[in-house]
Amino acid sequence: MPRTPLPTSRPLSRREFIAGSASLAALALGGCTSATPRLARTPVPSEPFELGIASGDPRSDGVVLWTRLAPNPREVGAGMPPESFVVTWAVAEDEAMSRIVRSGTEIADPQWGHSVHAEVGGLRPDRWYWYRFTCGGEVSPTGRTRTLPPAGSSPERLRFAVANCQKWEPGYYTAYEYLVNENPDLVFHLGDYIYEKNSDSDGVRPHGQKEVKTLDDYRIRYGIYKSDPALQAAHAVAPWFVTWDDHEVNNDYAGAVSERLEVTQADFLVRRAAAYQAYYENMPLRRSAIPVGPDLRLHRRFDYGRLARFHILDTRQYRSDQLPGPRMQAFDGVPVDPNLTMLGAEQKSWLFDGLRNSPAAWNGIAQQVLMARIDLREGADALVDVDKWAGYEHERRELLRFFESARIRNPVVLTGDIHENWANELWNDFDRSEPTSVAVEFIATSISSSGDGVDKPVYLEDLLRENPCVKFHNEERGYLVCEVTPRQWRTDFKTVEYVSRRGAPQHTRASFVVESGDPHLHKV
Ligand SMILES: [Fe+2]
């Protein structure tokens, strides 16, 4: 939906925000567990593990284990009494959970939606583990997870999957059923884990809930999505690194600015705080991501030995508002304005530092929105989407030229958001007649959003002719599998034929390799 900015897009200070919201001030002061939790006197309701289990943000010596007690996820309170419950976790070296190496307890507190985030340490690097939870007499499913290789080590290989955009209504998560069989070491989720609105048509499975705006609403929305067995199975197969896009809060929001003109920044930050809290509650994130009011630090990085460093970005929370006017604008009219930021000053300098100091052979950037400049109109004058990096042209040029000037080793950008598969070369200067490719971008299509797709859309030939940086494009649903070795990065585009019915066949529609030291795409 086209949007125009509010007269001022200055984010509120923390003080202004808290002054405007007494209820959230209380929220901001809350901890993950209260100092003296009021432990339940009532027994835990039966089947509290309806949302499954997950693990995430592994390190060499540990990982986060997640669950949320929710016997009735579609109800306010998820069927749990408003009391705290003790949840026990265990980590084992075997799937049968017979050789337990670590165990502990956490408090599932109603203030945090009865979620559990156990930060496990003391594990050995670079190996598989299994884990599960118990609460009362109830036992969760068992999940598999993996620690990262030791710092400074030289892994031979990393295999991971990339997923995003899993709108509930238009289709089934068949892609996740296939992803489970890919045996990934880890999974990236690049956002749109939930969608806050309802579609015009119910699709194959309606949300059964109006647009979500409050903490109770968002909690139920996550409950609906996380009840899907294929999604639960994908979480149970490997640790995930998650980041968000816009729909975890509100379509096309930017910083403190809502999609809708009439919503004040103070009101929007109240909504953002609710959405961010529900996100934290439902994701396998570390305590460093505990939200404080309307703020949640999500950008982070990790090293897979010296093979790969990954930066996981947040391109929504700190960005300047989108340019006024329609989403699609003539590129000539887009200002190259250093005051327009996608990352915000702190995240940008953190990213540049992390790239500059990287010891790794490959530098992955897991983020949300299209980075290549794609011209969506035939002819000389380019038409671009200003919600993407194209609307923040100064910062895009800065980053792409930094790849070149700082001699960053093998940058690879992983993108979501647009429900299409793309393989793009990223050029140091999209205006120059003979640009140099300085990085590559792989865009993972949606798991289900936009419904059934097509392999070759009618505009494909025009798109490829107009954009020589694009080496592949496809409009089906699916995910990526990437396999990285010291010498080569390979990406497979895995798709399913349809999502409006179950049981779709799968295809590998294209595979590309990038050789170390040569930022070009080679079709396999
Ligand atoms: Fe999406």
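Everything numeric here is computed off the predicted structure, so don't read it as measured data.
- Contact between D387 and D417 at its shortest, heavy atoms only, is OD2-OD2, 4.4 Å.
- Atom CG in N428 sits 15.0 Å away from atom CZ in F402 (nearest 0.5 Å).
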Could you walk me through whether R490 and D492 pass the salt bridge (charged side-chain N to carboxylate O under 4.0 Å, His left out) check? CA-CA 7 Å; R490 176 188 172 118; D492 293 330; 2.9 Å; yes

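- Classification of D452 and R477 as a salt-bridged pair fails, no side-chain N sitting under 4.0 Å from a carboxylate O.
- A salt bridge does not link E461 to R465: none of the charged nitrogens lies less than 4.0 Å from a carboxylate oxygen.
- Taking CZ from R297 and CD from Q347, the interatomic distance works out to 8.0 Å, rounded to the nearest 0.5 Å.
- Using a 4.0 Å cut-off between charged nitrogen and carboxylate oxygen, R316 and E248 do not count as a salt-bridge pair.
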When you look at Y304 and W362, which way does the ring-ring contact (aromatic ring centres under 6.0 Å, His included) test go after all the steps? CA-CA 10 Å; Y304 199 85; W362 298 90; over 10 Å; no

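- Using cut-offs of 30° and 60° for the angle between ring planes, the Y280 and H117 rings count as parallel.
- Below 30°, between 30° and 60°, or above 60°: for F302 and F310 the angle between ring planes is below 30°, a parallel geometry.
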Could you walk me through whether Y253 and S258 pass the side chain to side chain contact (heavy atoms under 4.5 Å, CB included) test, one step at a time? CA-CA 5 Å; Y253 83 95; S258 163; 5.8 Å; no

Before giving the answer on ring-ring contact (aromatic ring centres under 6.0 Å, His included), spell out for H189 and Y479 the whole-Å C-alpha distance, their side-chain angles and the decisive distance to 0.1 Å. CA-CA 10 Å; H189 195 287; Y479 57 89; over 10 Å; no

Steps toward ring-ring contact (aromatic ring centres under 6.0 Å, His included) verdict (W389, Y392): CA-CA 5 Å; W389 280 88; Y392 304 81; 7.5 Å; no

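- One finds no salt bridge joining K388 and E393 here, because no Lys/Arg side-chain nitrogen approaches an Asp/Glu carboxylate oxygen to under 4.0 Å.
- In this pair, F160 and F188 present their aromatic rings perpendicular. The plane angle is above 60°, beyond the 30 to 60° band.
- When all heavy atoms are compared, the tightest approach of W350 to I312 is CH2-O, 4.1 Å.
- What you find for H299 and E346 is that their closest heavy atoms are NE2-OE1, 3.0 Å.
- Among residues at least two apart or in separate chains, there is no ring pair (Phe, Tyr, Trp, His ring centres under 6.0 Å) pair with a member in residues 497-524.
- Under the 4.0 Å criterion applied to side-chain N and carboxylate O atoms, R221 and D217 are not assigned as salt-bridge partners.
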Quick one, R300 with H311, criterion side chain to side chain contact (heavy atoms under 4.5 Å, CB included). Give me CA distance, side-chain angles, the key distance, then yes/no. CA-CA 6 Å; R300 58 208 190 278; H311 290 87; over 6 Å; no

Where do S449 and Y195 land on the side chain to side chain donor-acceptor pair (under 3.5 Å) test, with the steps shown first? CA-CA 9 Å; S449 307; Y195 281 71; 2.9 Å; yes

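- Between the side chain of T147 and the main chain of D126, a donor-acceptor pair closer than 3.5 Å is present.
- Formation of a donor-acceptor pair under 3.5 Å by the D245 side chain with backbone atoms of G191 is not found in this model.
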Test side chain to side chain donor-acceptor pair (under 3.5 Å) on S446 and H419 and set out the steps. CA-CA 4 Å; S446 61; H419 313 168; 4.8 Å; no

Let me see the working for E420 and T445 under side chain to side chain donor-acceptor pair (under 3.5 Å), right down to the final yes or no. CA-CA 4 Å; E420 293 153 1; T445 188; over 6 Å; no

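- Ring planes of H235 and Y193: tilted class, angle from 30 to 60°.
- Applying the side-chain contact (heavy atoms from CB on, under 4.5 Å) test between E395 and each of D337, L343, V336 identifies L343 as the sole match.
- Between K167 and D192 there is no salt bridge, since no side-chain N of the basic residue sits under 4.0 Å from a carboxylate O of the acidic one.
- Residues R205 and D228 are paired through a salt bridge, judged by an N-O separation under 4.0 Å between the basic side chain and the carboxylate.
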Carefully, step by step, assess D314 and R319 under the rule salt bridge (charged side-chain N to carboxylate O under 4.0 Å, His left out). CA-CA 9 Å; D314 171 355; R319 71 153 83 184; over 6 Å; no

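- The side-chain tip of R396 does not point at the ring of F403 from less than 6.0 angstrom away and within 45° of straight on.
- A 4.5 Å side-chain heavy-atom check between T495 and N421 finds at least one atom pair inside the cut-off.
- Side-chain contact, Y459 with E378: no donor N or O sits under 3.5 Å from an acceptor N or O.
- The shortest side-chain heavy-atom distance between I374 and L463 falls under the 4.5 Å cut-off.
- Minimum heavy-atom separation, A236 to I53: CB-CD1, 3.9 Å.
- A donor-acceptor pair shorter than 3.5 Å cannot be found between the side chains of R409 and N363.
- Closest heavy-atom contact between L340 and P335: CD1-CG, 4.1 Å.
- Remark: side-chain polar atoms of D303 are not paired, donor with acceptor, to backbone N or O of G305 under 3.5 angstrom.
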Run Y176 and Q166 through side chain to side chain contact (heavy atoms under 4.5 Å, CB included) and show every step you take. CA-CA 10 Å; Y176 277 134; Q166 52 195 43; 2.5 Å; yes

Check the pair V384, V334 against side chain to side chain contact (heavy atoms under 4.5 Å, CB included), reporting the backbone distance first and the verdict last. CA-CA 9 Å; V384 298; V334 172; 4.1 Å; yes

Quick one: do E483 and R159 satisfy salt bridge (charged side-chain N to carboxylate O under 4.0 Å, His left out)? Show the steps, please. CA-CA 4 Å; E483 196 156 311; R159 179 177 170 83; 2.8 Å; yes

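- In this structure, W240 contributes its side chain and A234 its backbone to a donor-acceptor pair below 3.5 Å.
- Minimum interatomic distance between A504 and Y178 (heavy atoms only, all atoms of both residues): O-OH, 2.7 Å.
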Please step through salt bridge (charged side-chain N to carboxylate O under 4.0 Å, His left out) for the pair E196 and K213, ending with a clear verdict. CA-CA 8 Å; E196 85 286 13; K213 293 181 177 173; over 6 Å; no

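- For the pair K523 (side chain) and S511 (backbone), a donor-acceptor distance under 3.5 Å is absent.
- Donor-acceptor pairing under 3.5 Å is lacking for the side chains of W489 and N410.
- Taking the centre of each ring, F442 and W422 stay at or above the 6.0 Å mark.
- If you check the side chains of Y218 and R271, you find a donor sitting under 3.5 Å from an acceptor.
- The residues R509 and E476 are annotated as salt-bridged, a charged nitrogen and a carboxylate oxygen being separated by less than 4.0 angstrom.
- Between Q368 and T243, the side chains place a donor N or O and an acceptor N or O closer than 3.5 Å (distance only, hydrogens not considered).
- Look at R397 and D429 and you find no salt bridge, because none of the NZ, NE, NH1 or NH2 atoms lies under 4.0 Å from a carboxylate O.
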